[in-house]
Amino acid sequence: DLATRQRPDEASRALDRMDLALARACWWPEGTDDHAPLYVGSIAGFWDWLWPVHEAMMLTRHVVTNTVFSFSGDVASTESYWTATMRMRSDGVLVDLQSGGRYVDGFERRNGEWRFSHRQSIREWGRAEPADPTIVGSPIVGIVKPDNPDAPLTLPKRDRSDYSYQAIGALEQHHSGTSIPRQGQEP
């Protein structure tokens, strides 16, 4: 079912854009989460613990891929690979924390809607390294010559002012003839 494929992506987007309403909409209210040793318990408690942790970070990027599915009536299980990058300051130094592993997710379908009932996170690797905050200082600039070096970057935002909300909102309004706005344009 397409909904079980979209939920992990929506959950990642919710975390990276700090959209708590979207995050809560991905789980059944009595759902559970196991990110041991970081957190084990109810999904409501997970949001209470996680949100201040993520708010203190400059950015987060969760990527979920290679998902396999198992369905039985109104329940489903998936296994997905994940990688996460979290940028923060540690002792005044900009650091990227990177890790990866697998999610084993349980889903339930109620009234035709699939949501998480449980998430088990299995962390397999991690590392921390100094981060470069700009593309100008990035190693890619020395390797790839920009065609338009003076063009403004589309910077990420950690809320609903992020460009993705404008673009996806425009797609959802496609029936009205609205086109996807360019960065800086009103939808």
Minimum heavy-atom distance [X]-[Y], with the two atoms named:
{"X": "Lys157", "Y": "Arg17", "answer": "O-NE, 2.6 Å"}
{"X": "Asp33", "Y": "Trp27", "answer": "OD2-CZ2, 4.5 Å"}
{"X": "Ala128", "Y": "Val95", "answer": "CB-CG1, 3.9 Å"}
{"X": "Ala11", "Y": "Cys26", "answer": "N-SG, 3.7 Å"}

Strictly by salt bridge (Lys or Arg N to Asp or Glu O under 4.0 Å), give each pair with a member in residues 66-81 just once, sequence neighbours left out.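 Those involving residues 66-81 are Asp74-Arg109, Glu79-Arg102.
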
So, [X] side chain and [Y] main chain: donor-acceptor pair closer than 3.5 Å or not?
{"X": "Asp16", "Y": "His62", "value": "yes"}
{"X": "Ser117", "Y": "Gly106", "value": "yes"}
{"X": "Arg7", "Y": "Trp114", "value": "yes"}
{"X": "Ser72", "Y": "Val75", "value": "no"}
{"X": "Arg158", "Y": "His54", "value": "yes"}
{"X": "Tyr39", "Y": "Phe46", "value": "yes"}

Is [Y] reachable from [X] through a run of I, L, V, M, F, W or Y residues, each pair having side-chain heavy atoms under 4.5 Å apart?
{"X": "Trp49", "Y": "Leu15", "result": "yes"}
{"X": "Trp47", "Y": "Phe116", "result": "yes"}
{"X": "Leu59", "Y": "Leu22", "result": "no"}
{"X": "Met57", "Y": "Val63", "result": "no"}
{"X": "Met86", "Y": "Val93", "result": "yes"}

Quick check for you: to the nearest 0.5 Å, what is the distance between [X] atom [atom1] and [Y] atom [atom2]?
{"X": "Arg87", "Y": "Leu97", "atom1": "CZ", "atom2": "CG", "answer": "10.5 Å"}
{"X": "Met18", "Y": "Thr60", "atom1": "CE", "atom2": "OG1", "answer": "7.5 Å"}
{"X": "Asp105", "Y": "Arg119", "atom1": "CG", "atom2": "CZ", "answer": "4.0 Å"}
{"X": "Gln120", "Y": "His35", "atom1": "CD", "atom2": "NE2", "answer": "9.0 Å"}
{"X": "Ser77", "Y": "Phe107", "atom1": "OG", "atom2": "CZ", "answer": "9.0 Å"}

So among Thr65, Thr67, Asp9, which one has a side chain to side chain donor-acceptor pair (under 3.5 Å) with Ser80?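 Among the candidates, only Thr67 passes.
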
A side-chain contact here means heavy atoms from C-beta on lying under 4.5 Å apart; do [X] and [Y] qualify?
{"X": "Trp82", "Y": "Ser121", "value": "yes"}
{"X": "Asp19", "Y": "Arg13", "value": "no"}
{"X": "Gln98", "Y": "Thr83", "value": "no"}

Report the residues that fulfil side chain to side chain donor-acceptor pair (under 3.5 Å) with Ser161, sequence neighbours left out, ordered by chain and then residue number.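 Testing Ser161 for side chain to side chain donor-acceptor pair (under 3.5 Å), a comparison that skips the adjacent residues, returns Asp159.
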
Is NZ or CZ of Arg110 both nearer than 6.0 Å to the six-membered ring centre of Trp28 and within 45° of the ring axis?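 Yes; both conditions hold, so Arg110 lies above the ring face of Trp28.
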
Output, in order, the C-alpha distance, side-chain angles, deciding distance and verdict of side-chain contact (heavy atoms from CB on, under 4.5 Å) for Leu94 and Met58. CA-CA 9 Å; Leu94 196 59; Met58 298 171 72; 3.1 Å; yes

